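In what follows, chains carry the letters A, B, and so on, assigned in the order in which the sequence lines appear, proteins first and then strands, with residues in each chain numbered from 1. The shown structure was predicted, so the numbers you read here are calculated from the model rather than taken from an experiment.
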Amino acid sequence: MTATGLSTQPARGMRDFLPEDVRRREYVVGVIRRVYERYGFEPLETPAVENIETLLGKYGEEGNKLIFKILKRGEHEASGTADLALRYDLTVPLARVVAEHQAKLPKFFKRYQIQPVWRADRPARGRFREFYQCDIDAIGSTSTVVEVEVLSGVSEVLHELGFQDFVIRLNDRRLLTAMLEVAGVEAPRHGDALIALDKLDKIGADGVAAEFAARQIEPAAIGKLLPLFGGGAGATGANGAILRALATFIGAHETGQAAVGSLESMLALAGPTPASGHLRIDPSLARGLSYYTGAIMEIQVADLAGSLGGGGRYDNLIGMFLGRDVPACGFSLGLERILVVMGERGMFPADLAGAGCDVLVTIWNAGAMDDALGLAGEFRQAGLRVEVYPEADKIGKQLKYASGRQVPFVAVVGDDERAGGTVSLKDLRSGTQHTVRRAEAAAFIGVHVNR
RNA sequence: GUGGGCGUAGUUCAGUGGUAGAACGCCUGACUGUGGCUCAGGAGGUCGCGGGUUCGAUACCCGUCGCCCACCCCA
């Protein structure tokens with residue numbers, strides 16, 4: 001609140017990014033983009049706003065409620081109806097793009113997209129109403145090579161950012177369905193049953209039983225399902241055993257066995273990739289978005305309740321636009337989640353802090369402003385990042401300002417320097433000062449700031 | 001959406017039914033060509049907002065808004 005009575009906070013769930021925030025974001029986005037391109041993904045951007053019908057019905061009931069809707073404008077505003085909406089994720093717009101531009105796209109279209117999305121969610125730690133997703137998706141193939149490339153790519157991103165300890169939980173929608181069907185859970189209760197089972201490690205077997213009772217789910221199913229979900233945390237080595245137990249349980253269920261087969265294939269193919277050692281088959285992983293049809297995956301780290309990212313296969317989403325199914329699989333890294341964890345763990349390179357500036361040129365006196373600007377120009381020609389102190393304040397004040405800004409060098413041209421054709425350069429980090437010939441000043445700074 | 005906690009200086013926080021304090025930061029000076037250290041001064045707050053109780057509220061009560069935590073959901 002200010003003297004005007006107007007709140008100066010950004011709208012709920014939205015944030016301002018100050019220079020250091022932007023530098024951190026750009027650092028992470030840079031790593032992500034570099035790795036994605038290394039995997040052959042090409043850039044795509046889509047509008048912030050979509051026609052509302054494009055989004056409705058793609059995310060499930062919960063998702064529909066969280067879409068930011070835009071009222072009709074002008075004389076139609078009073079009708080209270082919405083015809084546009086802010087994009088909710090990057091996957092549905094991609095599906096629309098693929099359907100729209102199909103003829104221009106390669107048979108196997110691989111794109112990355114790093115843009116903000118909006119959700120009318122309640123903000124929390126690592127959760128905002130405007131946030132960036134960093135997506136990769138591969139269109140046009142049902143091969144598990146696609147899943148493995150995607151998992152490998154996001155794993156490589158996390159490694160390059162310095163993460164060692166992440167776990168990628170892996171499951172398959174078809175397998176979940178098979179398990180619930182075999183256990184005798186009626187189809188309309190599948191969602192509720194999964195939510196209850198997912199809480200197993202928090203509320204225990206008795207808690208799950210209570211949830212089942214409250215949601216009128218076949219109680220006998222619990223005894224059948226619990227052994228499959230009890231896997232225990234962190235045991236990536238047990239993937240084979242978990243899959244065998246699941247396969248035995250679902251027996252002759254055809255699509256379920258296909259899912260087991262594709263999970264086995266993914267584990268095998270991922271062996272020599274950066275994803276190796278991070279994959280954990282987890283039958284309790286469900287994921288809320290309704291468009292997934294096959295593999296589903298989610299990245300977790302111990303110190304964040306939510307996930308760093310998630311994805312999966314969605315073989316009929318494009319068909320909802322095109323009228324003909326096109327297979328697709330993708331993954332979304334959550335930039336804000338990554339930034340939250342990296343910030344708390346101190347994982348950013350040190351040179352991201354401080355001013356984005358190598359040298360501050362001081363103003364000796366009111367008559368020397370043109371000289372300061374000239375010197376700054378020479379430094380800039382040499383590729384240095386230069387700030388000119390804008391006022392003829394006392395030199396101590398200018399030094400103090402530079403120090404507070406964490407600028408490494410200050411350049412001073414006083415009467416003595418002017419007479420001698422030199423510049424005094426003070427390294428504020430060490431406190432040492434050198435007076436060098438003006439022609440050599442830029443190079444001197446360049447050497448000492450590593451540019 | 002449900003439950004709980006918190007809103008006091010630029011920031012982090014003390015505090016009391018009688019209209020407020022610290023630390024850090026900021027400004028000035030000691031320092032007439034030099035930041036960080038030290039010292040001396042100084043500026044800055046309608047105690048989130050609205051109502052109620054009271055002689056009197058920043059404090060107690062109600063409402064509201066905002067922030068935080070848990071649940072739910074997710075990136």
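Residue A:G126 is in base contact, counting any heavy-atom pair closer than 4.0 Å across all strands shown. Residue A:G404 is classed as having no contact, given no heavy-atom separation below 4.0 Å to the nucleic acid. No engagement by A:V410 is indicated, since no non-hydrogen atom pair under 4.0 Å with the nucleic acid exists. Within 4.0 Å (heavy atoms only), A:Q433 reaches at least one base atom of the nucleic acid. Nucleic acid contact for A:D416: base, since at least one base atom lies under 4.0 Å from a heavy atom of the residue.
Using the Watson-Crick or G-U wobble rule with both distances under 3.5 Å, B:G50 pairs with B:C62. Using Watson-Crick or G-U wobble geometry with both donor-acceptor distances under 3.5 Å, B:G45 finds no partner in any strand shown. Using N1 to N3 plus N6-O4 or O6-N4 for Watson-Crick, or N1-O2 and O6-N3 for G-U wobble, each under 3.5 Å, B:A57 pairs with nothing. Applying the Watson-Crick and G-U wobble criteria (two distances, each under 3.5 Å), B:C72 pairs with nothing in any strand. Partner assigned to B:C67 is B:G5, using Watson-Crick or G-U wobble distances below 3.5 angstrom. Across all strands shown, B:G36 forms no Watson-Crick or G-U wobble pair with both distances under 3.5 Å. Searching all strands for a Watson-Crick or G-U wobble partner of B:A14 with both distances below 3.5 Å returns nothing.
One can place CG of A:D393 at 16 Å from C1' of B:U32, the figure rounded to the nearest angstrom. Between the CZ atom of A:R119 and the P atom of B:C73 there is a distance of 14 Å, rounded to whole Å. For A:I395 and B:U32, the CD1 to P distance is 12 Å, given to the nearest whole Å. A:M297 places its CE atom 14 Å from the C1' atom of B:A75, with the value rounded to the nearest Å. Atoms CD1 (A:I67) and P (B:A75) sit 14 Å apart, rounded to a whole Å. One interatomic measurement links the two molecules: CD of A:Q398 to P of B:G35, which rounds to 12 Å at whole-angstrom precision. A straight line from CD1 of A:I338 to C1' of B:A75 spans 9 Å, rounded to a whole angstrom. Computed from coordinates, the A:D427 CG to B:G35 C1' distance equals 12 Å when rounded to whole Å.
Nearest-nucleotide positions on RNA chain B place A:Y401 closer to the 5' end than the other of A:L308 and A:Y401.
For B:U8 and B:G50, the P atoms lie 16 Å apart once the distance is rounded to whole Å. B:A57 and B:C49 have their C1' atoms separated by 15 Å, given to the nearest Å. Comparing B:U58 with B:U53, their C1' atoms sit 16 Å apart, to the nearest whole Å. Spacing between B:C74 and B:G5 at atom P, rounded to whole Å, works out to 29 Å. Comparing the C1' positions of B:C69 and B:G44 gives an interatomic distance of 33 Å, to the nearest angstrom. Rounded to the nearest Å, the gap between the P atom of B:G63 and that of B:A9 is 25 Å. Rounded to a whole angstrom, the distance from the P atom of B:A23 to that of B:C37 is 15 Å. With C1' as the reference atom, B:U54 and B:U28 are 45 Å apart, rounded to whole Å.
With A:K110 as the fixed residue, the salt bridge (Lys or Arg N to Asp or Glu O under 4.0 Å) test singles out one of A:E37, A:E149, A:E42: A:E149.
Out of B:U28, B:U32, B:G33, the shortest distance to the side chain of A:S424 is found at B:G33. If you check B:G33, B:G35, B:A30 against the side chain of A:K400, the one that comes closest is B:G35. With B:G33, B:G35, B:C73 as the candidates, the nucleotide lying closest to the side chain of A:S403 is B:G35. Looking at the side chain of A:L399, the nearest of the listed nucleotides B:G1, B:U34, B:A75 is B:U34.
With respect to the salt-bridge test (charged N to carboxylate O, under 4.0 angstrom), the residues A:K400 and A:D393 do not qualify. Salt bridge status for A:E50 with A:K58: absent, with no side-chain N to carboxylate O gap under 4.0 Å. The existence of a salt bridge linking A:K397 and A:E391 is excluded, since no basic side-chain nitrogen approaches an acidic carboxylate oxygen closer than 4.0 Å.
The shortest side-chain heavy-atom distance between A:I281 and A:L267 falls under the 4.5 Å cut-off. Side-chain contact between A:F331 and A:D135 is absent, with no heavy-atom pair separated by less than 4.5 Å. You'll find the side chain of A:F163 reaches within 4.5 Å of the side chain of A:L308, heavy atoms only.
The two residues A:G13 and A:P123 make their nearest non-hydrogen contact at CA-CG, 3.7 Å.
A donor and an acceptor atom never sit less than 3.5 Å apart when one is taken from the side chain of A:R122 and the other from the base of B:C74. At a cut-off of 3.5 angstrom, counting only N and O atoms as typed in the model, there is a donor on one side and an acceptor on the other between the side-chain of A:E417 and the base of B:G33.
Contact check, A:K426 against B:G33: no side-chain N or O comes under 4.0 Å of OP1 or OP2.
In this structure, the aromatic ring of A:F131 is positioned over the six-membered ring of the base of B:A75, centres within 5.5 Å and planes within 30°.
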